[in-house]
Structure formats: C-alpha cells, structure tokens
Amino acid sequence: MREAEAAAAQICPDLTTVAVAVENRSQAKGLLAEAAAHRATMIVLGTGTEGTRGRIRVSATSDWLLHSSPVPAVLAATAGFAHATCARLRIAAFGVSGRTVPPESLDEESARRALVAELKAAQAEAIDSLDGADHGEAAAGEPIAEAVGIGKDWKAALAAIEWEPGELLVIGSSSEGRRSRVFLGTNAARIIRHSPVPVLVTP
C-alpha cells in the first residue's frame, strides 16, 4: 500500500491519491465494483512489466474490462497517461494493405493517394457535421485535423502518422456490443496493441 501511494505521488504529484486494497476473486470485477462505489468516470490501467517497452500490453484483466466496462477505460504503457498534455484534436483512420484496404492501394502510389484523399474527405465531412459552438474546432479553438495511416501491418499503419508528445488515442466501442458498455472490436484490439500513445476506449 505504501509503495503504491509513493508511486502515485511520484507520477501524479499534483493529484490527491488514495491506495485501496480490494478483495475479489476477479481482479476485473473488483475494479468495476470499486469504480461503481466511487462513481468513477474512468478506469486507467497500466500494462505491467512484460511486453515491449513503451507499447501497450493487454492483460487478461484489461481484456475483460475492454469488453464489459460501463465507463471509459484507458490503457497506458508505464506512466504515459499521467504525463499526457492537451494535444490538438485529430480524426484518424488506419488500414492494413490487403486486409482492411485493397492491395492495389499500396501497389500503386497514385491509387494509394486517391484512397487517402477519399478517407480524408470522409473525415472532413464528419468534422463539418459536428455540433456545438466551436464547430469543427477542438476545445482550444484549433481546427480539427485529419490523419490516415496505411501500412503492411497494424504496426506500420500506426507508425505511418506522426505522433505528438502528450497525445491520447480515443477509440469508440464496436457496434456489436451493448451501447452502455465498452466492447472492443477485432481491429480496434490490434490498433491498441501497436499504439505508441495511451489509448482511451469509450462505450
């Protein structure tokens, strides 16, 4: 407990933190029960000490929460989420050659550019349809940007766009799950495993 409190104080010196020991046969259910008891609006999960440094590792507990949590769940490699800052808002799309995008879009540069242009046009249309006073703008007043990453695999697709310090990747739940709970789709799960930044999954 003391070690947990000391670690939290070091990572988040500006926040008041409390370490709590919860007894439950299921770590995931124990976390959900504690989140409900404190009316938490988010559950933040680390990725443990295993796996590639700086990359997100989805444990059994994380996987369970990513398919059943009633509140948004965040996965961050080490202390990445604690040090995140307010970055500009971008709408991003990712694709893998031959699997989620046609093979010819990578075989021919002109076709690839056409595909990227088509995706960015769809993103721009989505941005224009946003409601609110800051129409098509982020909270800081900056224009919302579009980004498209395509590669031979998910790792290459995620690396195809430039990531800024403090960025957070937000992924919506799959339509296959319940509307009020987080439910991660197959492609989203692959994106998370190769994300170089913390990931927030919303119901």
Side-chain angles (χ1 to χ4, degrees), residues 7 11 26-32 35 40-85 87-103 105-106 112 115-116 119-120 122-123 145-179 181-203:
I11 296 172
S26 166
Q27 292 183 358
K29 291 182 179 179
L31 284 171
L32 286 183
T41 57
M42 184 183 303
I43 297 176
V44 181
L45 303 161
T47 58
T49 57
E50 299 180 7
T52 305
R53 182 177 178 81
R55 296 291 179 177
I56 293 174
R57 173 182 172 273
V58 180
S59 65
T61 298
S62 299
D63 186 67
W64 197 94
L65 290 170
L66 288 174
H67 290 86
S68 60
S69 176
V71 296
V74 176
L75 285 88
T78 62
F81 183 65
H83 297 298
T85 58
R88 64 192 179 115
L89 179 61
R90 296 189 292 174
I91 293 181
F94 303 98
V96 175
S97 170
R99 292 166 60 182
T100 62
V101 297
S105 63
L106 283 181
R112 178 177 180 174
L115 174 63
V116 171
L119 290 173
K120 286 192 173 184
Q123 291 172 329
E146 309 98 25
V148 176
I150 299 175
K152 63 180 181 180
D153 52 31
W154 289 109
K155 182 179 180 180
L158 268 291
I161 69 172
E162 294 184 4
W163 296 93
E164 300 177 0
E167 278 198 298
L168 175 70
L169 176 60
V170 181
I171 297 178
S173 293
S174 169
S175 58
E176 297 177 0
R178 293 171 56 184
R179 181 174 299 179
R181 293 184 181 274
V182 167
F183 189 86
L184 204 62
T186 303
N187 289 338
R190 292 167 178 157
I191 289 173
I192 285 177
R193 286 176 169 81
H194 295 288
S195 174
V197 298
V199 180
L200 167 64
V201 184
T202 63

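Both backbone and side-chain heavy atoms feed into the values below; hydrogens, waters and symmetry mates do not.
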**OP:** List the steps, then state whether side chain to side chain contact (heavy atoms under 4.5 Å, CB included) holds for Val96 with Ile150.
**Re:** CA-CA 6 Å; Val96 175; Ile150 299 175; over 6 Å; no
What heavy-atom pair brings [X] and [Y] nearest, and what distance separates the two atoms?
| X | Y | answer |
| --- | --- | --- |
| Ala160 | Gly149 | CB-CA, 3.8 Å |
| Gly95 | Ala157 | O-CB, 3.5 Å |
| Lys152 | Ala156 | N-CB, 3.9 Å |
| Ala28 | Leu65 | O-CD2, 3.8 Å |
| Leu158 | Pro196 | CD1-CD, 4.3 Å |

Original post:
Does any N or O in the side chain of Ser195 come within less than 3.5 Å of the main-chain N or O of Ile191, such that one atom is a donor and the other an acceptor?
Top reply: no
Original post:
Hey, is the main chain of Ala188 close enough, under 3.5 Å, to the side chain of Trp154 for a donor-acceptor pair?
Top reply: no
Subject >> Rounded distance [0.5 Å steps], CH2 in Trp64 versus OG in Ser26 >> reply: 6.0 Å
Original post:
Quick one: side-chain contact (heavy atoms from CB on, under 4.5 Å) partners of Lys120, sequence neighbours excluded?
Top reply: Val116, Gln123, Glu146, Val148
Subject >> Partner residues of Ala122 under the side-chain contact (heavy atoms from CB on, under 4.5 Å) criterion, sequence neighbours left out >> reply: none
Are [X] and [Y] side-chain neighbours, meaning at least one heavy-atom pair lies under 4.5 Å?
| X | Y | answer |
| --- | --- | --- |
| Val58 | Ile192 | yes |
| Val197 | Leu168 | no |
| Leu75 | Leu66 | yes |
| Phe94 | Asn187 | no |
| Thr202 | Ile171 | no |
| Leu32 | Ser69 | yes |

Original post:
Pick one: which of Val74, Val201, Leu200 meets side chain to side chain contact (heavy atoms under 4.5 Å, CB included) with Val170?
Top reply: Leu200
**OP:** Please name all residues satisfying side-chain hydrogen bond (donor to acceptor under 3.5 Å, both in side chains) with Thr61, sequence neighbours left out, ordered by chain then number.
**Re:** Gln27
